[in-house]
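The structure appears below as structure tokens.
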There are 2 protein chains.
Amino acid sequence: MITNRNTQPTIKEIAKRLKIAPSTVSRALHDHPSISWVTTMRVQKLAQELNYEPNLSAISFKQRKSFNIGVLLPNLSEVFFSTALYGIEDMASTKKYNVLIGQSLDDPQREERILLSMKNSRVDGMIVSVGKNTINYDHFDLLQKCNIPIVFFDCIPERKDIHFTACNLQIGMLMAINKLVEKGITNIALINGPKQLVASKQRQQIYFQGLKKNNLPYDEKLIGFTDLSKKGNQQAMIDLLKLENRPTAIITFNDYLALDAIAIAKEQNLVINKDIFFISFANLPIWEYMDDRPMASIEQFPYKQGEQAAKILFSLIDSLQNDQPIMDYQQIIFESKLIATLQ
Amino acid sequence: MITNRNTQPTIKEIAKRLKIAPSTVSRALHDHPSISWVTTMRVQKLAQELNYEPNLSAISFKQRKSFNIGVLLPNLSEVFFSTALYGIEDMASTKKYNVLIGQSLDDPQREERILLSMKNSRVDGMIVSVGKNTINYDHFDLLQKCNIPIVFFDCIPERKDIHFTACNLQIGMLMAINKLVEKGITNIALINGPKQLVASKQRQQIYFQGLKKNNLPYDEKLIGFTDLSKKGNQQAMIDLLKLENRPTAIITFNDYLALDAIAIAKEQNLVINKDIFFISFANLPIWEYMDDRPMASIEQFPYKQGEQAAKILFSLIDSLQNDQPIMDYQQIIFESKLIATLQ
DNA sequence: TTGTATGCGTTATCAG
DNA sequence: CTGATAACGCATACAA
């Protein structure tokens, strides 16, 4: 049974006990040079005894600075995002910041609600990975107007005037296609994500480039689409395997899709990495334990992306703090890397 | 280039423009019955126009209530925890609470630091999953003294006087052993986690019970230990396979261990689910995609555990809010379930 | 129905 | 060196 009233000591409390002014206590606690050695000691000793801890809520109210950053992600349970969050928390922790999280679940309304809620709770800055279905970016501008810097991360709006970290899939995908061609595999398909996604457009473009650089013909039929549901994934794969010139390699939009596609191939008695090859992404940390896994994976560096996004954010917060205008947009693009997942 | 000063409108601002008192504005915004219809309308209209939003930082300072809950987990990137976090965020979101996260990385000092930091930022309550190496629980008591309720989750201290959600592995493990015995598999080993972990002790006890109920002899050699590092996992498995009466089934402390153990078995040309069987946990969502997977998995319900922990926490917060003493400890124990992972 | 006064905990400014 | 005072934005008890 707990009924104690909140009994956290305050500066006033200490002042009263020591019969000095609260402002003196405050200064003593901060080792202000103008306070005498004895007073400082007396204050700090009592503070220790009473287990005094500053009320951050009061401080952040007065200083208009919360030492909280907000992180808004589509889905916390996806490995890619949770790994990024790990990186963000880690960086924030070293900077003595707390991390407020929210997940949009790819629902634009929920995204907006969370964004506003974080604005109103006066986060010092935000890291945002935009949801799949977001088309309106007004709320983000709103935050900027309130002097809350935003760093976008991985899923970023198509705009020039933003800070962000992202991963350029180009190199990874081109390397992947080159590698396939080297092995004599030229009938390369792509199962892409929903057409409206920026990421899908990008992947498709790079896919074209890869074919072109290797003087491979472009066959529209070799591009499948899925809404990223399990059924959609399976159907896209089934359709590709029905083609006359059945693909011998498949690049998948993401790892979960790859899992479904590989399963379909196996159902049709194709031997993975013999009859058919896969290229996917390195978000699932356990490819290495699977027998039938993609030949290679494109590394997207979620941890680093998160860490660096946080780093950028803190630099922006510092600038604002010191009234330095923010002149240019910090944008870090990691180059994807192709990593062999077969030994 | 951004140099605007923070220009968020306040109640004072609205009051000045409307030439009425701030308190009137405050009440009008809250649809207080004592304020006239016209005034209320005028206020709300202007508030809308100015994009007024209450300063939550000020409110939480004044009301001594932050509408934030803290969540302290060992590791954000582990699927089990990130899934739980998903559940917590989801529940918090419906209750209009924000979620502050921290990860201890199983470092007791870091755990304590985060805990205190959250206390000082006046979270309304906390959900904590205790790290592997924590032996001192004083900080947790400290929070209680400050009227910050804590709900423990999954990794809980061995104490009666706490609120928690957890999963009872007993049923799942007994069912697993029964199932093995049914199939005529009786040489059942256990690879356990570090000895100092409560969870390890529990698992071992249940393992004993399971053997006993099935009238199986207890052979000390059939219990392996690992520090949960990859090397430790592998070594534990190698040692078991060296035994004269080599085990034909293995219960693993967690999924990652299972992955390593299965890999070793395969290296030694054992056929999984024929020469040797595995029982593991259902934390990895992708067992279904793997060929050589455990025969059955014990479900621990991370999402539900998180969701319910949050629910308990909000009920505690409500009670404190209304000055109702908290009479008893809310403890929800989910019964684990055995789910077949082979079709 | 509205206004005035007060205080939450802290710190900055100014005066002593 | 120290103290008094005001202010941050809001809610509320009390006064009118």
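Below, each value reflects all heavy atoms present in this structure, side chains not excepted, and no hydrogens, waters or symmetry copies.
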Please report, rounded to the nearest Å, how far the P atom of C:dG9 is from the CG atom of B:N120. 14 Å
Return no unless some side-chain N or O of A:S26 is found under 4.0 Å from OP1 or OP2 of C:dT11. yes
With a 4.0 Å cut-off on heavy atoms, is B:P22 in touch with a base, just the backbone sugar-phosphate, or nothing at all? nothing
A:I14 CD1 to D:dG3 C1', in whole Å, measures 17 Å
Do B:D141 and B:R159 sit within salt-bridge range, that is, some charged N less than 4.0 Å from a carboxylate O? yes
Distance check needed: C:dT13 C1' versus A:H32 NE2, whole Å only. 11 Å
Measure from CD on A:Q63 to P on C:dT13 and round the result to the nearest Å. 11 Å
Think B:K62 has a side-chain N or O under 4.0 angstrom from the OP1 or OP2 of C:dT6? no
Name all residues meeting the side chain to side chain contact (heavy atoms under 4.5 Å, CB included) criterion together with B:T83; count only those two or more places apart in sequence or in a different chain, and write none if there are none. A:S77, B:V79, B:P302, B:Y303
Length of the CD1-P vector between A:I59 and D:dG9, whole Å: 17 Å
Should A:K12 be listed as having a side-chain N or O under 4.0 Å from OP1 or OP2 of C:dC8? yes
Looking at D:dT2, I'd like to know if its phosphate oxygens (OP1 or OP2) sit under 4.0 Å from a side-chain N or O belonging to A:S34. no
Output yes when B:E89 and A:R110 qualify as a salt bridge under the 4.0 Å nitrogen-oxygen rule, no when they do not. yes
Give a yes/no on whether any side-chain N or O of B:R27 is located under 4.0 angstrom from OP1 or OP2 of C:dT1. no
Tell me the interatomic distance from A:M41, atom CE, to D:dC1, atom C1', rounded to whole angstroms. 16 Å
If each of B:F61 and B:T24 is mapped to the nucleotide of DNA chain C with the nearest heavy atom, which maps nearer the 5' terminus, i.e. the 5' end? B:T24
Any base atoms under 4.0 Å from A:T39, or only sugar-phosphate, or nothing? Heavy atoms, all strands. sugar-phosphate
Kindly assign one of parallel, tilted or perpendicular to the pair B:Y329 and B:H163, based on the angle between their ring planes and the thresholds 30° and 60°. tilted
Can you tell me if the side-chain N/O atoms of B:Y52 get under 4.0 Å from OP1 or OP2 in D:dG9? no
Would you mind reading off the distance between A:I11 atom CD1 and D:dA4 atom P, rounded to a whole angstrom? 15 Å
Starting the side chain at C-beta, find the nucleotide from D:dC8, C:dA12, C:dT11 nearest to A:S23. C:dA12
Using 30° and 60° as the class limits, which term best fits the ring planes of A:F80 and A:F153: parallel, tilted or perpendicular? parallel
Side-chain contact check for A:I35: nearest option of C:dT1, D:dT2, D:dC8 is D:dT2
Rounding to an integer number of Å, can you tell me how far B:R64 CZ sits from D:dC10 P? 18 Å
D:dC8 OP1/OP2 closer than 4.0 Å to side-chain N/O of B:T10: no
